[in-house]
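Each chain gets a letter, A, B and so on, in the order its sequence line appears, and its residues count up from 1. Model, not experiment: these values are computed from the prediction.
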Protein chains: 2
Amino acid sequence: MVLPRAARTQRRTRIQGEKEERILEAALEVFSANGFRGSTVDQIAEVAGMSKPNLLYYFRTKEAMHRALIDRVLDTWLDPLREFNAEGNPVAEIRSYIRRKLEMARDYPRESRLFANEVLQGAPHIEDELKGPLKSLVDEKAEVIRAWAKAGKIAKCDPYHLIFAIWSTTQHYADFDVQVRAVLGQGNAGDGRFEDAARFLERLFVDGLQVSEQPAA
Amino acid sequence: MVLPRAARTQRRTRIQGEKEERILEAALEVFSANGFRGSTVDQIAEVAGMSKPNLLYYFRTKEAMHRALIDRVLDTWLDPLREFNAEGNPVAEIRSYIRRKLEMARDYPRESRLFANEVLQGAPHIEDELKGPLKSLVDEKAEVIRAWAKAGKIAKCDPYHLIFAIWSTTQHYADFDVQVRAVLGQGNAGDGRFEDAARFLERLFVDGLQVSEQPAA
DNA sequence: TGATAATTTGACCGGTTGGTAAACATTACA
DNA sequence: TGTAATGTTTACCAACCGGTCAAATTATCA
C-alpha cells in the first residue's frame, strides 16, 4: 500500500533518509535562489535528480518541503547567537559573534538567502518561529548586553538595535552578494573580501569611525 | 490604429500619463511585496483598478513594467549618496548620510524591498545598473572617504565596506521589517523605533561600542 | 523464492499565468 | 460635428503550475 510520509508510523527506510536528504538539499538550492513563490516543484525535482511525482511521494506538498527546510535550518542559523556568552569579555564576545556570523554568511549563503527571501516577503510561513524561539533567544541575549552596558563594560546602547546591526552587516555579504560583487569589481575573490569585511566590521563595532587617541591594538 | 506604447512617436496623451502613473504605483506595491516571479499581472491590474488587457496596453509585458519601475526608482534611491559632500565635516557628513538613508527606509520601504528582492535573486534584471551607474557613484564617494581617512579626519577604514555597512544597517529596517517587529514586539510603533535606531546607528558609526573617556556630546 | 510493502514513473487534471485578437467605446481635433 | 486615433473590454489561448492516479518496478524478508 502507498503510505505517504506524514502518515507513516514504522521506522524509516534507508531510502527514505537518503531521498529526503537529497530533496531538502535541492529545495535549499532552489528556494534560496527564487523564493517560495518563484520556485517550482519541477525545478526542485530536476536539481534533486528525480521525477516530480517521486519527490511528492516524500513531501506531499511544496509547502511541506519548505516547512521541513525552515525547521532544519533555523536551529543551526541561530547557533552563533546561542554561543554568545554572558561570562566572557564583552568586547571579545561581540567581536567573535561578528566573526561567526560573517563565517556563516560566507559558508552558508543559501541558508541566509532562504530566510531573507522569506522575511522580505512578510514571513508568511515562519511568523511563529520569529515571534517564538527567535524572539526568546534575542530577548535573552539582549538582557546580557544590557547588563554589560549597565556595568560600564561597553557603551550604553540599545541591545536590540545592536543585534540588528550585526545581523544586517554580516548577512549583507550573503544576501546582497551580487551587488557587493558588482561594486567591488570581479577582481576581489572570496577570501580577501572576507578578511577585509571582518577587519572593517570588528573595527567599526569596537571603535567607530572617529579618530581615537589610542590606535588599534 | 492600435499603437502600443513603445512604438509611439507622438507626444504623450493626458490619459497615458495618468494611467502609467497608476500602473507603476500598483506595480511597486505588488512587486515589492512578492518579488518579480511571485507577482502576477492580474494582481497589479487589480491594485491599479483596471483590467489586465488595459494594463498590457500601456506596458506590453510584465518585464517592461518591472524595467520601467526600476529605472524610475533607482535615481531617487541613490540621491542620499549623491548628497554626500566632500567639503563638509566628515563625521557630520556620515552621520547625516545615515539619517537620510534611515529616513528613506522609513518613508519608502517599498522601494527598498523592490531592490532587495531583485538583488537577492541575483539581480537578473538590473545587472547593468549595478555595474554601471551604481558602481560609478560608489567609486566616486569611496574616493572621498578614502581621502578623509588619509587626512586623518576619520579612522582609516575600507570605504566600500563602510558604505555597505551603512546600506545594510539602514535598509534592514525596511527589508526585514517583519522580523524587527516580531523581535521588538508589537508595542513599538513607527516613530519611537525610528528615533531609537537613528540614535543607535549614529553612535555606533561614530564612537563604536567601547567605553570612551569622552561621553557623547 | 515468493509475496508483500515500498518506491518510481508516465499520463493526466483543473486552475492559473502571461499575453493576444478583435470588437467596442471614447477622446481629440480639424 | 465627423472621423481618425486612442483607449477599453470580453473572450480566449497556449504554456505552466501543483498535485493525483494507477500501473509498473524494486526492495524486503519470511
Inset, instruction - Name all residues meeting the side-chain contact (heavy atoms from CB on, under 4.5 Å) criterion together with A/D75; count only those two or more places apart in sequence or in a different chain, and write none if there are none. - result: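 Result, side-chain contact (heavy atoms from CB on, under 4.5 Å) vs A/D75: A/R82.
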
Legend entry - Non-neighbouring partners of B/R110 that pass side-chain contact (heavy atoms from CB on, under 4.5 Å), sequence neighbours left out: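 For B/R110 the side-chain contact (heavy atoms from CB on, under 4.5 Å) partners, ignoring immediate neighbours, are B/E25, B/L28, B/E29, B/S32.
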
Inset, instruction - Just report the end-to-end axis angle for the helix from C/dT1-D/dA30 to C/dA30-D/dT1, five pairs per end, to 10 degrees. - result: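 Its terminal axes enclose an angle near 10°.
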
Legend entry - Contact residues, residues 21-36 of chain A to DNA chain D [heavy atom, < 4.0 Å]: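 Hits under 4.0 Å, by residue number: none.
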
Would you please name every residue forming a salt bridge (charged side-chain N to carboxylate O under 4.0 Å, His left out) with [X], sequence neighbours left out?
{"X": "B/D139", "value": "B/K135"}
{"X": "A/R99", "value": "A/E195, A/E202"}
{"X": "B/R146", "value": "B/E143"}

Legend entry - Taking every non-hydrogen atom, the tightest pair across A/L162 and A/C157: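 For A/L162 and A/C157, the tightest heavy-atom pair comes out as CD2-SG, 4.3 Å.
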
Listed partners of [X] passing side-chain hydrogen bond (donor to acceptor under 3.5 Å, both in side chains), at least two apart:
{"X": "A/W148", "answer": "none"}
{"X": "A/D158", "answer": "none"}
{"X": "A/H161", "answer": "B/Y173"}
{"X": "A/E103", "answer": "none"}

Anything under 3.5 Å between a protein N or O and an N or O of nucleotides 19-21 of chain D, put it in a table, one pair a line.
| unit_1 | atom_1 | unit_2 | atom_2 | d |
| --- | --- | --- | --- | --- |
| D/dG19 | OP2 | A/K62 | N | 2.8 |
| D/dG19 | N7 | A/K52 | NZ | 3.4 |
| D/dG19 | O6 | A/K52 | NZ | 3.1 |

Legend entry - Closest listed nucleotide, where the reference is the side chain of A/K19 and the choices are D/dG7, D/dG18, C/dT7: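 Output: C/dT7.
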
Legend entry - Per A/S51 side chain, nearest of listed nucleotides C/dT9, D/dG18, D/dG7: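 Nearest to the side-chain atoms of A/S51, counting from C-beta on, is C/dT9.
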
Legend entry - Spacing between B/N54 atom CG and C/dC24 atom P, to the nearest angstrom: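 Checked: the CG to P distance equals 18 Å.
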
